[in-house]
Amino acid sequence: MLLFNPVVISVIVMCVLCLIKLNVLLSIIISAVVAGLAAGMPLYAPDADNNIIDVLINGMGGNSATALSYILLGAFAVGLAKSGLGTILSVKLSKVLSGKKFFMIFAIAIISCFSQNLVPVHIAFIPILIPPLLGLMNKLKIDRRAMACALTFGLKAPYVSLPVGFGLIFHQILVDNISQFGVKVTVSDTSSVMWIGGLSMLIGLIFCVFVLYGRNRDYKDIPVPGTEEAHGEVKMTKEAWGALAGCVVTAVVSIITQSLPYSAVAGLFIMVVTGCIKWKDIDEVMNGGIGMMGFIAFVMLVAAGYGNVLRESGAVEELVVKAAAYMQGSKAVAAFVMLLIGLLITMGIGTSFGTIPIIAAIYVPLCQQIGFSPASIILLIGVAAALGDAGSPASDSTLGPTSGLNADGQHDHIWDTCVPTFIAFDIPLIIGGVIGAVILE
């Protein structure tokens with residue numbers, strides 16, 4: 001029975017523990033142990049090579065580059081805060097956005113979109129841009145749950161729908177895996193279909209911003225270090241120009257190397273050389289970076305270990321194979337089951353990019369047997385993989401927004417980021433995926 005599959009059990013345990021506000025890191029570790037025990041893996045056996053904790057630790061390296069990126073980007077953000085560039089940006093934007101509540105929310109969504117394709121720095125911009133703007137958000141009484149949805153939309157929708165930047169990687173993985181299992185497609189084929197996923201997310205964003213989280217919400221004006229409100233006219237200082245140069249170099253190196261660690265190190269180097277970060281302050285900046293992003297970095301490490309436990313247990317493949325029995329007959333039911341399985345797998349292993357190879361091997365021949373068109377197959381596998389990225393406590397699509405919005409300690413990761421983004425995006429993606437898969441020919 002599907003409900004007793006280790007993936008299903010552990011994902012449910014993780015969600016419940018997070019919802020009752022157990023620490024996210026502990027929730028993931030407990031869920032990994034539950035998954036391993038449900039799959040028959042030993043908690044500890046002297047001569048075994050698949051002890052649950054050992055498998056978890058061995059898998060943590062899967063997100064090591066991401067974790068290092070977060071620490072370095074945290075230090076970069078602290079350096080920017082100390083330079084005063086954030087305060088200057090906040091003052092300038094305050095003049096433009098004063099009294100324009102919804103305009104600001106959608107402006108942030110657009111800026112977030114650019115982080116995936118135009119300047120592919122992913123979540124690096126969030127701890128740099130968002131904390132200085134919290135004071136303005138408070139004045140406009142913006143519900144930060146709406147802002148979390150806007151940020152997550154920008155982190156997900158571009159790669160789902162457009163083959164540019166990170167989206168090109170996602171679409172190429174789709175093409176390679178679908179073609180490998182018997183349906184020849186191209187990137188132009190995926191881009192002609194996956195816009196349905198992007199449109200579904202846009203509808204979800206509009207609904208949440210205007211209906212669910214459109215009312216005013218009050219927050220305390222708690223100062224964020226390095227972003228104190230400036231009075232009067234602000235001018236660019238030597239330190240601020242150095243910080244701006246660091247931002248440009250970070251973006252350029254990110255585009256060239258496609259590596260966040262390289263780009264963060266380059267940005268920090270420029271900020272030190274230009275005097276934006278004083279030599280005597282380097283320890284303070286690095287400690288500040290660890291304080292800001294260290295927890296998120298460790299969550300990503302443990303999430304990779306959790307995903308490794310699920311893979312080593314064999315439960316993911318078992319879940320896909322058993323679910324196939326429920327997909328015969330109705331195309332709508334088959335599409336819904338496929339998307340639901342994709343949601344569980346992505347929430348479990350923590351990466352939509354890594355979900356595609358797992359489900360393509362079963363879904364492609366199964367879809368052909370049921371009678372889905374190549375366009376429907378692309379949509380089903382693409383949306384099934386993308387599901388779960390929003391709403392997952394261990395996804396960088398939720399951890400990133402929280403890192404910026406909680407800079408003053410007034411934004412809860414689970415209830416203010418994960419739950420709203422799940423409602424905003426996962427539910428519309430399932431609906432859009434099912435409708436699109438049935439009508440596409």
Side-chain angles (χ1 to χ4, degrees), residues 11 14-19 21 24 27-28 102 104-106 108-113 115-116 122-123 125-127 129-130 137 142-161 166 170 197-215 217 296 299-300 303 339-340 342-353 355 383-406 410-433:
V11 169
M14 179 178 67
C15 292
V16 170
L17 291 176
C18 288
L19 289 173
K21 294 195 174 183
V24 173
S27 298
I28 296 172
F102 294 109
M104 181 177 184
I105 294 173
F106 285 101
I108 293 297
I110 293 171
I111 292 171
S112 184
C113 287
S115 73
Q116 302 302 296
H122 196 39
I123 69 164
F125 77 98
I126 294 176
L129 177 67
I130 299 303
M137 293 182 201
I142 292 176
D143 191 327
R144 293 187 194 177
R145 293 173 293 184
M147 193 60 75
C149 291
L151 287 166
T152 300
F153 172 83
L155 295 174
K156 277 181 61 71
Y159 83 70
V160 168
S161 51
F166 290 114
F170 182 79
L199 178 62
S200 300
M201 293 185 66
L202 179 60
I203 293 171
L205 174 65
I206 293 172
F207 175 76
C208 281
V209 169
F210 287 109
V211 179
L212 292 185
Y213 309 121
R215 287 175 291 184
R217 190 176 187 186
I296 294 177
V299 168
M300 293 304 295
L339 295 176
L340 192 61
L343 170 65
L344 290 170
I345 293 173
T346 305
M347 290 190 75
I349 70 173
T351 166
S352 53
F353 289 70
T355 299
V383 172
L387 278 166
D389 218 1
S392 171
S395 167
D396 52 8
S397 295
T398 56
L399 287 165
T402 298
S403 71
L405 294 169
N406 193 42
Q410 298 187 83
H411 185 86
D412 183 75
H413 179 56
I414 301 301
W415 289 103
D416 292 338
T417 296
C418 295
V419 172
T421 54
F422 184 94
I423 295 170
F425 304 125
D426 287 344
I427 294 174
L429 276 171
I430 290 176
I431 296 172

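Only this structure's heavy atoms are used, side chains among them; waters, hydrogens and symmetry mates stay out.
Here the straight-line distance linking atom CG of Leu405 with atom CE of Met147 works out to 7.5 Å at 0.5 Å rounding. Separation of atoms CE (Met137) and CD1 (Ile130) is listed at 4.5 Å; rounding is to 0.5 Å. We find the CD1-CD1 distance between Ile111 and Ile126 to be 11.5 Å, quoted to the nearest 0.5 Å. Atom OG1 of Thr152 sits about 10.0 Å away from atom CG of Leu399, to the nearest 0.5 Å. Atom CG of Leu202 is separated from atom CZ of Phe425 by 9.0 Å, given to the nearest 0.5 angstrom. Atom CD1 in Ile105 sits 11.0 Å away from atom SG in Cys208 (nearest 0.5 Å).
Shown here for Met14 and Ser27, the closest heavy-atom pair between the two residues is O-CB, 4.4 Å. Scanning both residues, Asp426 and Ala390, for their nearest heavy atoms gives OD2-O, 2.5 Å. When every heavy atom of Gly204 is checked against every heavy atom of Pro428, the shortest pair comes out as CA-CG, 3.8 Å. Annotation for Thr402 and Thr417: closest pair OG1-OG1, 2.9 Å, computed over non-hydrogen atoms. Pro401 and Leu155 get closest at one heavy-atom pair: CD-CD1, 4.0 Å. Contact detail for Pro420 and Cys149: the closest heavy-atom pair is O-SG, 3.7 Å.
A heavy-atom distance below 4.5 Å is found between the side chains of Cys418 and His413. With a 4.5 Å cut-off on side-chain heavy atoms, Val383 and Ser200 do not count as touching. Contact annotation: the side chain of Arg215 never approaches that of Asp143 to less than 4.5 Å [non-hydrogen atoms, C-beta and beyond]. At a threshold of 4.5 Å between non-hydrogen side-chain atoms, the residues Asp416 and Asn406 do not count as touching. Between Leu343 and Phe422 there is a side-chain heavy-atom pair separated by less than 4.5 Å. In this structure the side chain of Phe153 never reaches within 4.5 angstrom of the side chain of Val209, judged on heavy atoms. The side-chain heavy atoms of Arg217 and Arg144, taken from C-beta on, include no pair separated by under 4.5 Å.
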**Request:** Using the side-chain hydrogen bond (donor to acceptor under 3.5 Å, both in side chains) rule, take Thr421 and Thr398 through it: C-alpha gap first, then chi angles, then the decisive distance, then the call.
**Result:** CA-CA 8 Å; Thr421 54; Thr398 56; over 6 Å; no

